[in-house]
Amino acid sequence: MTDTLPKQYDPSAVEMRWAREWIESGCFNASEVDGRPAFSIVIPPPNITGTLHMGHALTLTIQDIFVRYKRMSGFNTLWLPGTDHAGIATQMVVERDLKRQGLSRHQIGREAFIEKVWQWKDKHGNRISEQTRALGASVDWRHERFTMDEGLSKAVREVFVRLHEDGLIYRDLRLINWCPRCQTALSDLEVDLEPTAGQLWTIAYPVAGRQRRLAVATTRPETMLGDTAVAVHPEDERYRDLVGQQVELPLTGRRIPIIADAELVDPEFGTGCVKVTPAHDFNDFDTGRRHGLETISVIDTSGRMTDEAGAEFAGLDRFAAREKVLARLQEQDLLVNTEEYQVELSRCQRCREIVEPLLSKQWFVKVEPLARPAIEAVEQGRTVFIPRHWEKVYFEWMHNIRDWCISRQLWWGHRIPAWFCPCGGTVVARQAPERCPRCGNQQLEQDEDVLDTWFSSALWPFSTLGWPERTRLLETFYPTSLMETGFDIIFFWVARMMMMGLRFMGEVPFRTVYLHAMVRDAQGQKMSKTKGNVIDPLQVSEQSGADALRFTLASLTAQGRDIKLSTERVEGYRHFINKIWNAARFTLMNLGDFQPGAPARPGQRSLYDRWILTRTSRTVERVRQALDGYKINEACSSLYNFFWRELCDWYLELVKPTLAGEGGAEARAECQRVLVRVLDTALRLLHPFTPFVSEEIWQKLPLVREAGSYLATADFPRAGDLQRDEEAERAVQLLIDAVTGVRNIRGENNLPPGKPLTAHLLSADAEVRAVLEQHAGTIANLARLEELVVGQPGQRPARAAVYVAEKLEVCVPMTGLVDFGAERQRLEKELKKIDGERRRSQGKLANDKFLARAPAEVVAKEKEKLAEFEARMEKLKRALEQLQQWSAEES
RNA sequence: AGGCGCGUAGCUCAGGGGGAGAGCGCUACCUUGACACGGUAGAGGUCGGCGGUUCGAAACCGCCCGCGCCUACCA
């Protein structure tokens, strides 16, 4: 016996080594031309500013499980990594750096600033990629991409130009969301609504030439300076006569019309009159367009009042202006009411600043024509969402989609390929044009703006594969097989990839979208730096090992539910990893004379060998089925249960004597072979989940294999590789029941574990008795018996504790004092339980309708169950009677 | 306001028309030939409530109660 492994598994010594070796050996390299079926995933590119958090750990774990599973199942597998330039976030980070040096980006200029960002990226932008390696992600680093790479930038220009040619990209002066702090336009999605305590003010607007005032309510009184109408409902009797008249807009001296609009106005709400500010409110903007109203911008891009707001207010911050407007109205007795009111504030997703709707000339994508095919593709099942219910969310958004504002007033990003000529002409082109096609002028200026980061992300599944070139990689791996990401970016990303993929590749970007849940802390709170409840995956990984973290995340990934993570849980699965290690340790300790190449001798196989082989086969089937159905947690629990409960708890215990040579050299040799075979299979099954420990052990196993082969690229087991053997399953179940019965009696009667006992195993079934007799030695060994008697039910020993199993009775004669009370209680409890089952079963069988309508096999099974319950009850009753008798004799 | 999801053992959650499950925790015992990061045994549940469908419901349907999340332009 050689003890080659330490008692405790130390992941830190193992993980870095394999992470490096797999990559160096090319295990994860995809092949561009290959006869094998392709399987591909493009990684959802994390921001270069980011560091790895639990969400990344989860998505990487899930993707890696599928990628390794498919790779081992013979697919030509590409998992393509990369990062995202994250326009606003990255620009903010670099600007902050500059600020520390007392500089602003405007001081150093655009070119120098972009240079700085690249420097920053070179220095810090790889951090997340390195962290990805540490988790064991089996990505093909040769194909790593960055959204600002030349190739991807070319794809962005190509898409922009083509969409523009097709009339799907246009430039227009419209109301957009503007962040006064970031100084850029935002799309609807980049704005978060936040319920906030505010006020609702009611202001009186005097009707021109009458003694009447119209009361309008507003949450933003400062915008009244830009009002260009007051709207009422066309059917509102109260105001019908006023439509077409004017009001005198307070504080401005302007006269504005009273209009009727059924869409904007709900006559039931408030006074039924609405102030209309087309330049600062989305509803009002639409109303303005319907009625041809003037737009007056009274707030500028920094959130200050413009000259249009009037001399008194110009230059004031929007919130200061609000106070001043209210004060002035108060003085004029035009503020008729103030009440507390819950308002939804729009905030910038990046910096939390209150977003301002502003009139601005921006580039937009006309989305509806792109959305239609993207909707159809999911309707037709060409792309399937998992869990399925997310499809509804996707449809809901796609059906109500609005045009996408894609220009950003930033410097870091893909510059918009549009050039303006002083003559008023605009050229959209792949390359900088030399002269204006309209007037020939050579003084063209490129648009200052860049594109929304999500614009380039939308192209990710094909731009990363080389598009617009028709590369081998693209031909082989598009459409990708799986998109694994968080449900929170269905709209931002998944939907947009669908639209762009269909438009430019003519086919969906991915066949399946697997949306994972959010990782929360143990209390179910969202993890956040401010709350301080963040669990850092790298720290956990250092403490417990990446395998333990991965297995934990995978086990908790039930479809459609948030993951509540705690370090205690990871600890628990670390124990599982250690269990795997120790099973291997035990195995290796018993393989001193093992000959890997020697032919198997199935004739030498024991019942236990046959049993573990068939159990392994079932596990293979379960794991495959679970993975094929995207049920990762089910795969995990099958593996956990098999490895710990079946392999370690029973098989290893059953064969210890054989391995010790008690059954002879041949039996030992075959047992070794089976053990190696089973462990090999288990490691293959485990590998996608716990790649490090499985590879480490596998390399130590004495297997016949080519030099330089890796578990990472070994074959994933198939259920048919191993023999099914129901007879062995039934027989071992008898042994398990017998052993458990003795242990139960021992535990319940407080008999010390070391105390040798005598047990009688009784069964009316001769076959059962034969199995028990054959394996009496094993039972005695595991149950710590000094004597074992197999007999018929009538041969119950005197003064014995009884345990009634399904097919046999276990009796242990009690020497010394028997606690009759406790023993009776135990039996009565068991009796009551079985009686409940029996009655339920009997009730069913007494029901004619059940007999008539239930499927025949259900009825047959029910009859079997009833017979079994009755038999067990009979035994229990007899045991109780005897107990009664002994008890009487005793006293 | 609509939509979606969730209420199962003390905790975290699987399961899902035909004998209530796991992990952790808890109790008792144990240095038994890999593992105390271990072993053995045990306690613990009107499967949120009420109706309905069914021979049969924890599961399917409806309503209700709680808890989350997402979407939305009510001034």
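The model shown is predicted, which means the values in this text are computed figures rather than measured ones. Protein chains get the first letters and strands the later ones, always in sequence-line order, with residue 1 at the start of each.
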Looking at every strand, decide which applies to [X] at a 4.0 Å heavy-atom threshold: base, sugar-phosphate, or nothing.
X	result
A:F869	base
A:V393	nothing
A:F282	nothing
A:S637	nothing
A:D649	sugar-phosphate
A:R826	nothing

Practice prompt. Determine which nucleotide pairs with B:G23, using a 3.5 Å limit on both distances of a Watson-Crick or G-U wobble pair.
Written response: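 Paired with B:C11.
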Worksheet item: B:G56 pairs with which nucleotide, Watson-Crick or G-U wobble, both distances below 3.5 Å?
Response: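 Check on B:G56: unpaired, no WC or wobble geometry under 3.5 Å.
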Discussion item. Other residues, nucleotides and ligands only: do more than 12 of their heavy atoms fall within 6.0 Å of CD on A:E194?
Written reply: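 Enclosed: over 12 neighbouring heavy atoms sit under 6.0 Å from CD of A:E194.
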OP1, OP2 of [N] versus side-chain N and O of [X]: anything below 4.0 Å?
X	N	answer
A:R840	B:G19	yes
A:R645	B:G23	yes
A:K849	B:U54	no
A:W644	B:G39	yes

Worksheet item: So, does the side chain of A:N781 form a donor-acceptor pair with the base of B:G33 at under 3.5 Å?
Response: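 Indeed, a donor on one side and an acceptor on the other fall under 3.5 Å apart.
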Discussion item. How many whole angstroms separate atom NE2 of A:H389 from atom P of B:U71?
Written reply: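 Value for this atom pair: 14 Å.
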Worksheet item: Could you state the CD-P distance from A:E653 to B:U40, rounded to the nearest angstrom?
Response: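 About 8 Å, once rounded to whole Å.
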Fill in: Test: A:K579 cationic atom under 6.0 Å from A:Y640 six-membered ring centre, within 45° of axis
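No.
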Worksheet entry | Selection from B:G33, B:C37, B:G23 that lies nearest to any side-chain heavy atom of A:H575 |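 So the nucleotide nearest the side chain must be B:C37.
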